[in-house]
Number of protein chains: 2
Amino acid sequence: MSKAATELAKTRDEFIAQWGVMGTQWGINRTMAQIHALLMTAVEPLSTDEVMAALDISRGNAHTNLKELVNWGLLRIVTKKGERREFFEAEKDVWEMFRRIMGERKRRELDPALNVLTRCKEETAGLKSAEAKAFHQQMTELEDFLSFAAKMGDRASSMPQNKVMQLAMKLLG
Amino acid sequence: MSKAATELAKTRDEFIAQWGVMGTQWGINRTMAQIHALLMTAVEPLSTDEVMAALDISRGNAHTNLKELVNWGLLRIVTKKGERREFFEAEKDVWEMFRRIMGERKRRELDPALNVLTRCKEETAGLKSAEAKAFHQQMTELEDFLSFAAKMGDRASSMPQNKVMQLAMKLLG
DNA sequence: CGGTATTTTCAGGAAATTCTGAAATAGATG
DNA sequence: CATCTATTTCAGAATTTCCTGAAAATACCG
C-alpha cells in the first residue's frame with residue numbers, strides 16, 4: 001500500500017473509532033455507530049463478512065447492528081447479480097441522514113413522552129387543590145412544548161432542504 | 001390523606017417512574033431523570049434526605065445525581081435560614097429547561113464530534129486519490145452540517161422566547 | 001478545640017447492556 | 001431431496017454502567 005493510502009486508512013480508522021465513542025455518548029451503542037461510520041466512508045457496499053473483518057466483531061453482533069441501522073433508515077440492503085449475499089450501503093446525504101434520525105428519535109422518544117404527559121394531565125384535570133393545579137399546569141406546559149417541538153421537527157424534515165436553509169438563514173441573520 | 005390527594009400522588013408517582021424510563025432511552029440514567037421529575041413537580045425545594053426517601057435510593061446515588069443535575073443547570077441549590085442543609089429546587093420554566101439541555105448537549109456531544117471531523121478533514125486535505133477525496137468530502141459535509149446545527153442552537157437559545165415563537169410559527173405556517 | 005450535622009468520595013457489588021459463538025432456520029441449486 | 005450458503009436467533013459470557021453503604025472530609029457551633 002502506498003504512503004498516501006496508509007495515511008487515509010489511518011484517518012478513516014480514527015474516524016470510525018471516535019464515531020463509536022460519540023455514539024455511546026449519544027445513547028446508541030458503540031458497534032452500531034462504528035458500522036455506520038464504516039459504511040458512510042465506504043466506496044462501495046459491504047457484506048456482513050467484510051464488516052466483521054473490518055471491525056473485528058462477531059457475526060451476531062454485525063448482523064444485529066446492521067439490521068438495526070436498516071430499521072433506522074440509515075443503511076439499505078443492496079444485492080449484486082450473481083451474488084447471493086446481501087450488501088449494505090449507507091445513506092450518504094447528510095441532510096437525509098438527519099431527517100431519518102429526527103424521525104426515528106421522535107417516534108421512539110418524543111411520542112412516548114407525550115403519551116405519558118397527556119395521561120398525567122388528564123388524570124389530574126378534575127382535581128381542585130393548589131398542588132394538583134400546579135402539577136396539572138406543569139404537565140400541560142411540558143406537553144405543549146414537546147408537541148410543538150415534534151411538529152417543528154416533522155415540518156422541517158418534510159420540507160425541501162433549500163427552504164429550510166432559507167428560513168434558517170433568516171434565524172441566523 | 002384525602003381521596004384527591006391520593007389520586008394526585010399516584011399520578012405523580014407514575015410521572016416520575018415513566019420519566020425515569022424515558023431518561024434511559026434519552027441516554028441519561030434512570031435516577032437522574034427521576035430526581036428531575038420529582039423536583040419539577042415538587043411544591044417546594046427538597047433536601048437530599050427527602051429525595052432519598054421519596055425515591056428509595058441511597059445517599060451516594062441521590063447526592064451524585066443531584067449534583068449532576070445542578071451541573072446541567074436544571075436544579076439550583078437553595079438554603080433556608082436556620083437550616084444548615086442544602087435544598088434543591090428545579091428550574092420549572094420549560095423554555096429555560098430546554099435552553100439548558102440544548103447548551104449542555106451541544107457542549108458534551110456536538111463540540112467533540114466537530115473536533116473529530118475537523119481533524120479527519122485536515123489530515124486528508126492533501127491526498128489526491130479518488131477515495132481520499134470522497135472521504136474528505138464526506139467529512140466536510142458532516143462538519144458543515146453539524147456546525148450549522150450548533151450555530152442554530154446557540155442562536156435560538158440566546159433569543160427571547162417570543163422571537164423564536166414568531167419564527168417558528170412562520171415555519172409551521 | 002471537641003462534638004455534631006452535612007456533604008463528598010469511592011470500593012465493591014448489583015444490574016443492565018452488549019457481544020460471542022454456535023445452533024437453528026431459511027433459501028438456493030443441481 | 002441432499003447439500004451448500006447465507007441469515008437469524010439466542011443462551012451465556014464479557015463488559016459497562018449504576019448503586020449502595022460506609023468511611024472520609026468538610027462545615028458549623030458552643
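Reminder, nothing fancy here: chain letters follow the sequence lines and each chain counts from 1.
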Report summary line: Here the gap from Met52(A) atom CE to Leu46(A) atom CG, rounded to the nearest 0.5 Å, amounts to 13.0 Å
Report summary line: Scanning both residues in full, the closest heavy-atom pair of Ala150(A) with Lys106(A) reads CB-CE, 3.7 Å
Query raised in the report: Between Asp49(A) (CG) and dA6(D) (P), how many Å, whole number?
Result: 8 Å
Report task. With the side chain counted from C-beta on, respond yes when Lys121(B) and Leu117(B) share a heavy-atom pair under 4.5 Å apart, and no when they do not. Result -> no
Report task. Please tell me if the side chains of Phe88(A) and Thr48(A) come closer than 4.5 Å, counting only heavy atoms from C-beta onward. Result -> yes
Requested in this report: State plainly whether one hydrophobic cluster holds both Met159(A) and Met97(A), where clusters connect Ile, Leu, Val, Met, Phe, Trp and Tyr through side-chain heavy atoms under 4.5 angstrom apart.
Outcome: yes
Query raised in the report: Are Ile77(A) and Leu66(A) joined in one hydrophobic group, where the rule is that I, L, V, M, F, W and Y side chains link up if heavy atoms are under 4.5 Å apart?
Result: yes
Query raised in the report: For His63(A) and dT7(D), is the shortest distance between a side-chain N/O and OP1 or OP2 below 4.0 Å?
Result: no
Charged N to carboxylate O below 4.0 Å: is that the case for [X] and [Y]?
X         : Y        : value
Arg100(A) : Glu96(A) : yes
Glu86(A)  : Lys67(A) : yes
Asp49(B)  : Arg85(B) : no

Query raised in the report: How would nucleotides 18-23 of chain D be written as a contact map, 5' to 3', with B for base contact, S for sugar-phosphate-only contact and - for no contact, using protein heavy atoms under 4.0 Å?
Result: SSBB--
Nucleotides 24-30 of chain D: which of its N/O atoms have a protein N/O under 3.5 Å away?
| unit_1 | atom_1 | unit_2 | atom_2 | d |
| --- | --- | --- | --- | --- |
| dA27(D) | N3 | Arg84(B) | NH2 | 2.9 |

Requested in this report: If the plane angle is over 60° it's perpendicular, under 30° parallel, otherwise tilted; pick one for Phe145(B) and Phe98(A).
Outcome: tilted
**Report entry** Heavy-atom contact window of chain A on DNA chain C, given 5' to 3' at under 4.0 Å
**Finding:** dT18(C) to dA28(C)
